[in-house]
Amino acid sequence: MTPNQAARSRRLRQLRGLREHMSSYFTDLAQQYIDGEWRPGTGSWDIIDFNPYDNEKLASITIATVDEVDAAYRAAERAQRQWAATNPYARRAVFEKALRLVEEREAEIGEAIVAELGGTRLKAAFELHLAKEFLREAVHLALAPEGRIIPSPVDGKENRVYRVPVGVVGVISPFNFPFLLSLKSVAPALALGNAVVLKPHQNTPIVGGTLVAKILEDAGLPGGLLNVVVTDIAEIGDAFIEHPVPKAISFTGSDKVGRHVATVCAANFKRSVLELGGNSALVVLDDADVDYAVDAAVFSRFVHQGQVCMAANRVLVDRAVADEFTEKFVAKVSGLKVGDPRDPSTVIGPVINSSQADALSGVVEQALAEGATALVRGSVTDNLVEPSVLTGLPADSALLRQEVFGPVAFLVPFDGEEEAVRLVNDTPYGLSGAVHTGDVERGVNFAKQIDTGMFHVNDGTVHDEPIVPFGGEKHSGLGRLNGDTMLDAFTTQKWISVQHGRSGFPF
């Protein structure tokens, strides 16, 4: 046996061992986590957790009922006051330990991401990198709240303004970056002295839910402070967001569901933080570095099969460089490898489920029926959706104004910056975007005209950093997350005045 053959044999044995380990890994975590205890749900049916690539059954979880949602919130309520009174340096230590555990378990967490949501190796590494960065920020957030002394017009009075936790936070996380986007709200909320009840997406109950609980439990988080309920609105209705205990709901998902969450929260006097969908555009101006813009556009559209809220649904190109850009863009997209996400060379893995695959087929069919031309038309096999590149959509097509959550790109030519600005803004969404130009200040001036929460000059559309305000305008959300904005999301201000002298009263 040659050295290469021996190395390959060892690698295959390691993979077989890891897959056997992952089987028990998913089974062990296929429970509810309530009041510091792992227990089965008591609902009348199970959520079946499938691998979207090969439809292998990963786990079966009996769903939580309304009673278990209530138990989770009541446990959080009981635990929160003592946690809020805990020295913030002690709270910080939990997240320092959690970060070390993620680093130690990175290989198995990456395998779980690949298995449960069809993420490629590249995507798993990307998500884990960001998750670690956000845990590092949670370490700092534990010490971030500061009070203020504000002058008073009343003699002898001292006005103190305290930053205090809101209490209990409900977190609803999505399927596309479940580990990151659960931690992104859960860790800061806990670090700031709150308790949390987490409801992960039904398609990613382990990576987005119970895995997070296991890591924080092992890091020393006291029982009751984080609870995970794996359930479905068909079982619990609005109980998760209507419940009287949580004072804030952090939701990441579609604008349709987000609108409902906001309505219910408002009716129940709750704060809502909404990170919703997008219809981002990547714009290529006439002085752009075309080769670089092609690389940025392909990544921005096709990372994680296009299942990213910040993905570039639309690629707008000045006609002066449209032919060159289109030729190179199509060539690069045509070379993207589609297939098994476990293969390190795979760029496009499966979409999350068959409903999503069917919806994307429908988008392509609708575009072609409206007169679009397919420069690349990918086939669909089970949940594997190959990339498609379409151009020539009529200007009034609804497809250009909606979010397309998958590997379908629309190329749109334009004449000059004024038209480009109008086209970018012609959507109800306003999450992210990017512009490519040889003049940085030209790019900044362009970005200022776009109705969006985030915009990037000479880069891709998909970015998230732990201390930069993240969020959208219009239908893309309410509020911001990351950095200091976490204080606005998960704490409130309390005014306490002290009269050192004696006040005078009129009667």
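Computed from heavy atoms alone, side chains included, the values below leave out hydrogens, waters and symmetry copies.
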Say whether Q307 and N176, considering side chains only, have a donor N or O and an acceptor N or O under 3.5 Å apart.
no
Discussion item. Any heavy-atom pair between the side chains of D382 and S354 that's under 4.5 Å?
Written reply: no
Value for CZ (F26) from CG (N51), rounded to nearest 0.5 Å, stands at 8.0 Å
(Q) Strictly below 4.0 Å, N to O, side chains only: are E104 and R100 in salt-bridge contact? (A) no
Handout entry: Cationic N near anionic O, under 4.0 Å, K199 to E68
Key = no
Here the pair of heavy atoms bringing I348 nearest to V385 is CG2-O, 3.8 Å
Walk me through it: do D46 and T62 pass the test side chain to side chain donor-acceptor pair (under 3.5 Å)?
CA-CA 4 Å; D46 292 352; T62 303; 2.8 Å; yes
Okay, side chain of T427, backbone of Y429: is any donor-acceptor separation there less than 3.5 Å? yes
Output for pair (L128 CG, I113 CD1), nearest 0.5 Å, gives 4.0 Å
query: Hey, mind stepping through K337 and S345 against side chain to side chain donor-acceptor pair (under 3.5 Å) and telling me if it holds?
result: CA-CA 7 Å; K337 182 174 179 179; S345 65; 2.9 Å; yes
One should read off an interatomic distance between F50 CZ and I352 CD1, to the nearest 0.5 angstrom, of 12.5 Å
In this structure, CD1 of I236 is separated from OG1 of T65 (nearest 0.5 Å) by 9.0 Å
In terms of heavy-atom contacts, A311 and T461 come closest through C-OG1, 3.8 Å
SB check K332 D295 (cutoff 4.0 Å) = yes
>> More than 12 heavy atoms of other residues, nucleotides or ligands under 6.0 Å from CZ of R81: yes or no?
In response: no
Problem - K474/D255 ion pair, N-O < 4.0 Å - result: no
Measure from NZ or CZ of K247 to the centre of the six-membered ring of F490, then state whether that distance is under 6.0 Å and the direction lies within 45° of the axis. no
- Task: For E386 and S379, test the side chains for any donor-to-acceptor distance below 3.5 angstrom and give the result as yes or no.
- Result: yes
Margin query: Assess whether a salt bridge exists between E77 and R74, defined as any Lys/Arg side-chain N lying under 4.0 Å from an Asp/Glu carboxylate O.
Written below: yes
- Query: Would you say D238 has more than 12 foreign heavy atoms packed within less than 6.0 Å of its CG?
  - Reply: yes
More than 12 heavy atoms of other groups within 6.0 Å of D484 CG:
no
- Check ion pair D28-K214 (N to O, under 4.0 angstrom): no
Quick check: do V408 and N313 have side-chain heavy atoms less than 4.5 Å from each other?
no
All heavy atoms of P350 vs all of L384, minimum pair found to be N-CD2, 3.6 Å
Next item on the list: Please confirm whether the backbone N or O of G406 pairs with a side-chain atom of Q356, one donor and one acceptor, at under 3.5 Å?
Entry: no
Quiz item: Just checking, any donor-acceptor pair under 3.5 angstrom between side chains of N227 and D35?
Solution: no
| message | Around atom CG of L143, are there more than 12 heavy atoms from other residues, nucleotides or ligands closer than 6.0 Å? | response | yes
Say whether, by atom type as modelled, one donor and one acceptor occur between the side chain of N194 and the main chain of P165 under 3.5 angstrom. no
- request: Could you tell me whether E106 and K132 make a salt bridge, using a distance below 4.0 angstrom between a side-chain N and a carboxylate O?
  value: yes
Q: Can you establish whether the number of heavy atoms outside L336 located under 6.0 Å from its atom CG is more than 12?
A: yes
* Asked: Does E133 reach the main-chain N or O of P466 with its side chain, forming a donor-acceptor pair under 3.5 Å?
  -> no
Any donor-acceptor pair under 3.5 Å from Q80 side chain to G193 backbone
yes
Tightest non-hydrogen contact, residues S476 and G278, listed as OG-CA, 4.0 Å
- Query: Is the NZ or CZ atom of K123 positioned over F177's six-membered ring, under 6.0 angstrom from the centre and within 45° of the axis?
  - Reply: yes
field: salt bridge (charged side-chain N to carboxylate O under 4.0 Å, His left out) between R92 and E137, worked out
entry: CA-CA 10 Å; R92 183 179 72 169; E137 180 58 17; over 6 Å; no
(message) When you measure from the side chain of R314 to the backbone of N279, do you find a donor-acceptor pair of N or O atoms at a distance under 3.5 Å?
(response) yes
- Query: Looking just at side-chain N and O atoms, do S432 and S280 make a donor-acceptor pair shorter than 3.5 Å?
  - Reply: no
- So, the side chain of T86 versus the backbone of Q82: is there a donor-acceptor pair under 3.5 Å, distance only? yes
- Message: Donor-acceptor check, side chain of T485 to backbone of N482, threshold 3.5 angstrom: yes or no?
- Response: yes
Decide, yes or no, whether a salt bridge links R121 with D343 under the criterion of side-chain N to carboxylate O below 4.0 Å. no
### Task
State whether the side chain of W83 and the backbone N or O of L190 hold a donor-acceptor pair below 3.5 Å, judged by distance alone.
yes
- prompt: Is the backbone of D49 close enough, under 3.5 Å, to the side chain of N203 for a donor and an acceptor to pair up by distance?
  reply: no
Between the OG1 atom in T120 and the CD atom in E127, the distance rounded to the nearest 0.5 Å is 10.5 Å
Between the CG atom in L226 and the OH atom in Y33, the distance rounded to the nearest 0.5 Å is 7.0 Å
Are the charged groups of R160 and E146 less than 4.0 angstrom apart, N to O? no
Closest heavy-atom pair, L181 versus T252, reported as atoms and distance to 0.1 Å, is CD1-CG2, 4.1 Å
